[in-house]
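These notes concern the structure reproduced below.
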Amino acid sequence: MSSHGAPIPMTSRACGALTGTAQVPGDKSISHRSLILGALSVGETTITGLLEGQDVLDTARAMRAFGAEVTDHGGGSWSVHGVGVGGFAEPDQVIDCGNSGTGVRLIMGCMATSPISATFTGDASLNGRPMARVTDPLALFGTQSVGRSGGRLPMTIVGAAGPVPVRYVVPVPSAQVKSAVLLAGLNAPGKTVVIETEATRDHTERMLAGFGAEITTEITDEGRVITLTGQPELKAQHIDVPRDPSSAAFPVCAALIVPGSDVLVPNIGLNPTRAGLFTTLREMGADLTYENEREEGGEPVADLRARFSPDLKGIEVPAERAASMIDEYPVLSVVAAFASGKTHMPGVKELRVKESDRIDAMKVGLEANGITVEDGPDWWTVTGLGHGNVPGGATCASHLDHRIAMSFLVLGMATQRPVSVDDGGPIATSFPIFEPLMGGLGAAITRSNG
């Protein structure tokens, strides 16, 4: 079943050229953090371009539950009257984070050093995902957590009444874990230090600095050493959310594999900790160009133009690039199916614990559509058949995972036979306008149940 209702089966079939401009939604990572940091600030934070997918709406509702005044003014324009660092009130009800691992982990972090308790739950997918990766470092601050076996939701977090600062080495590359620890450090005295041996998306650090926190990042022999001085007064800001590179991945990749396509995707965030997919596609021979490169709100931005690329080649994707494109591997594997030769993707064990086991989900679905896939604990390899040679014809399980569903729908746009997904409902969590946007470019996606 879908995360928010009955299953919505969808089918995608070969279509004519995809052409036009794809106005993809706002960046999900920045949208979550805008609401959370606005709630932790003093004054009114205004936000334009907020992604209004279900994940972000769940975070907005959670910030209201902790006492912030969050108002939707329409058209992606929102405001947040914050309660200040340490000002969260104890929620009256269970906090339902739906499908969002980012939302629940960041919210756990930002309440973990206040003397309040909160209980978190989510949909079937989120309730199966591991939370110990966040609750373990939060325990170092003095936080307690009680959940189901395996550290799973539903879970109650008891915030630390007398938090202490923490020095923490992130064991696996995870922006969610890093961010949870930094947000917890906001209400701890002294300096909280987070060390990552592999760089992950740095929106939290950039935005904390923008809201007035004292935060530094140094590159040392240990890795990236991020130092945050606790108990600042964060000052309300205006945030203009750039468009989401993870959402842009779908019209971009579709344009590369559908003959005759020429699609412009404007105002895409190109933060170097997020843009690994686009670098990889260009290495494969994709006709993908950056136009009007600029900087907005401290983040690099450009317009992306993607054109049909019939001569894509399989490559070795560097393992160290994984953190900058971890959410894009499913749709990259679709492009790899239309390339010549093998695309090998190492260093991706994080994919095993996303909304689904994304390696297994894509392997099973690609194989059902005629593609050979090999995999191991932290790697997978897709053997491409070249343009025009992918059979298709199968129905794929989405596993309540928005990116899996969208990836298989992109696959069906260039296969010999249509490709279906058992449930496209979860797409609404991150890309609620996916169907009309792709349809406007020329894609042929239909709902089986009307």
Side-chain angles (χ1 to χ4, degrees), residues 28-29 101-102 105 125 128-130 132-134 170-179 196-202 223-224 244-250 252-253 271-284 286 312-339 341-367 371-384 396-408 410-411 430:
K28 186 160 69 136
S29 296
T102 299
R105 291 179 176 129
S125 170
R129 296 176 66 182
R133 55 175 48 200
V134 167
V170 183
V172 295
S174 172
Q176 293 176 1
V177 174
K178 171 181 67 176
S179 298
E196 22 174 41
T197 55
E198 292 183 46
T200 63
R201 58 185 64 177
D202 62 356
R224 294 178 79 243
D244 196 323
S246 295
S247 295
F250 297 100
V252 163
C253 288
N271 183 307
T273 63
R274 294 286 301 282
L277 172 71
F278 305 130
T279 300
T280 300
L281 292 172
R282 292 166 92 171
E283 290 175 358
M284 295 173 74
L312 296 166
K313 306 294 184 187
I315 65 166
E316 173 89 13
V317 183
E320 60 271 19
R321 192 177 292 163
S324 70
M325 56 182 291
I326 197 66
D327 287 329
E328 286 74 70
Y329 278 99
V331 76
L332 173 63
S333 72
V334 168
V335 176
F338 294 90
K342 294 186 175 184
T343 297
H344 181 58
M345 297 165 278
V348 293
K349 61 185 176 183
E350 182 75 2
L351 288 174
R352 298 281 187 193
V353 291
K354 287 288 189 176
E355 282 83 338
S356 64
D357 179 339
R358 286 179 169 165
I359 295 175
D360 186 67
M362 292 305 300
K363 172 185 169 70
V364 171
L366 287 171
E367 287 179 339
I371 296 296
T372 299
V373 182
E374 303 165 84
D375 72 312
D378 70 343
W379 63 270
W380 55 324
T381 300
V382 174
T383 301
C396 306
S398 66
H399 298 280
L400 292 177
D401 191 324
H402 50 126
R403 300 199 195 281
I404 298 300
M406 288 186 283
S407 295
F408 284 126
V410 169
L411 178 74
S430 70

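It should be emphasised that the depicted structure is a prediction, and the values quoted were computed from it without experimental measurement.
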* Asked: Does some side-chain heavy atom of E316 sit less than 4.5 Å from a side-chain heavy atom of P346?
  -> yes
* To do: Go through the steps to decide whether M345 and L351 satisfy the test side chain to side chain contact (heavy atoms under 4.5 Å, CB included), and finish with yes or no.
  => CA-CA 11 Å; M345 297 165 278; L351 288 174; over 6 Å; no
* Does T372 use its side chain to pair, donor to acceptor, with the backbone of T383 at less than 3.5 Å? -> no
* Asked: So do the side chains of V382 and V334 get within less than 4.5 Å of each other, counting heavy atoms only?
  -> no
* Does a side-chain heavy-atom distance below 4.5 Å link V348 with R358? -> no
* Electrostatic pair R201:D327 at N-O distance under 4.0 angstrom -> yes
* P330 side chain near M406 side chain, heavy-atom distance below 4.5 Å -> no
* To do: Please tell me if the side chains of K342 and E374 come closer than 4.5 Å, counting only heavy atoms from C-beta onward.
  => yes
* Mind checking the CG-CG spacing from L332 to L281? Nearest 0.5 Å is all I need. => 6.0 Å
* Side chains of T102 and K28: is there a donor and an acceptor less than 3.5 Å apart? -> no
* To do: For residues R133 and Q176, determine if any side-chain heavy atom of one lies less than 4.5 Å from a side-chain heavy atom of the other.
  => no
* Side chain of S324, backbone of R321: donor and acceptor closer than 3.5 Å? -> yes
* Would you call L277 and Y329 a side-chain contact if the rule is heavy atoms closer than 4.5 Å? -> no
* Hey, mind stepping through T200 and T273 against side chain to side chain contact (heavy atoms under 4.5 Å, CB included) and telling me if it holds? -> CA-CA 6 Å; T200 63; T273 63; over 6 Å; no
* Asked: Okay, side chain of S407, backbone of V331: is any donor-acceptor separation there less than 3.5 Å?
  -> yes
* Find the distance between CD1 (I315) and CD (E283) and round it off to the nearest 0.5 Å. => 4.5 Å
* Asked: Could you give the distance from OG1 (T197) to CD (E320), rounded to the nearest 0.5 Å?
  -> 12.5 Å
* Write down the atom of A339, the atom of G314, and the distance for their closest heavy-atom approach. => CB-N, 3.8 Å
* D401 and K354 ion-paired at < 4.0 Å -> no
* Asked: CZ of F338 to OG1 of T343: how many Å apart, nearest 0.5 Å?
  -> 12.5 Å
Quiz: residues 359-366 side-chain donor-acceptor pairs under 3.5 angstrom, not counting sequence neighbours:
| from | atom 1 | to | atom 2 | distance (Å) |
| --- | --- | --- | --- | --- |
| K363 | NZ | E367 | OE2 | 3.0 |
| K363 | NZ | V373 | O | 2.9 |

* Take R274 and S29 through the side chain to side chain contact (heavy atoms under 4.5 Å, CB included) test and state the conclusion after the steps. => CA-CA 10 Å; R274 294 286 301 282; S29 296; 3.7 Å; yes
* Asked: Can you find a heavy atom in the side chain of D378 that is under 4.5 Å from one in the side chain of R352?
  -> no
* To do: Could you go through the side chain to side chain contact (heavy atoms under 4.5 Å, CB included) check for V317 and M325 one step at a time?
  => CA-CA 11 Å; V317 183; M325 56 182 291; 4.2 Å; yes
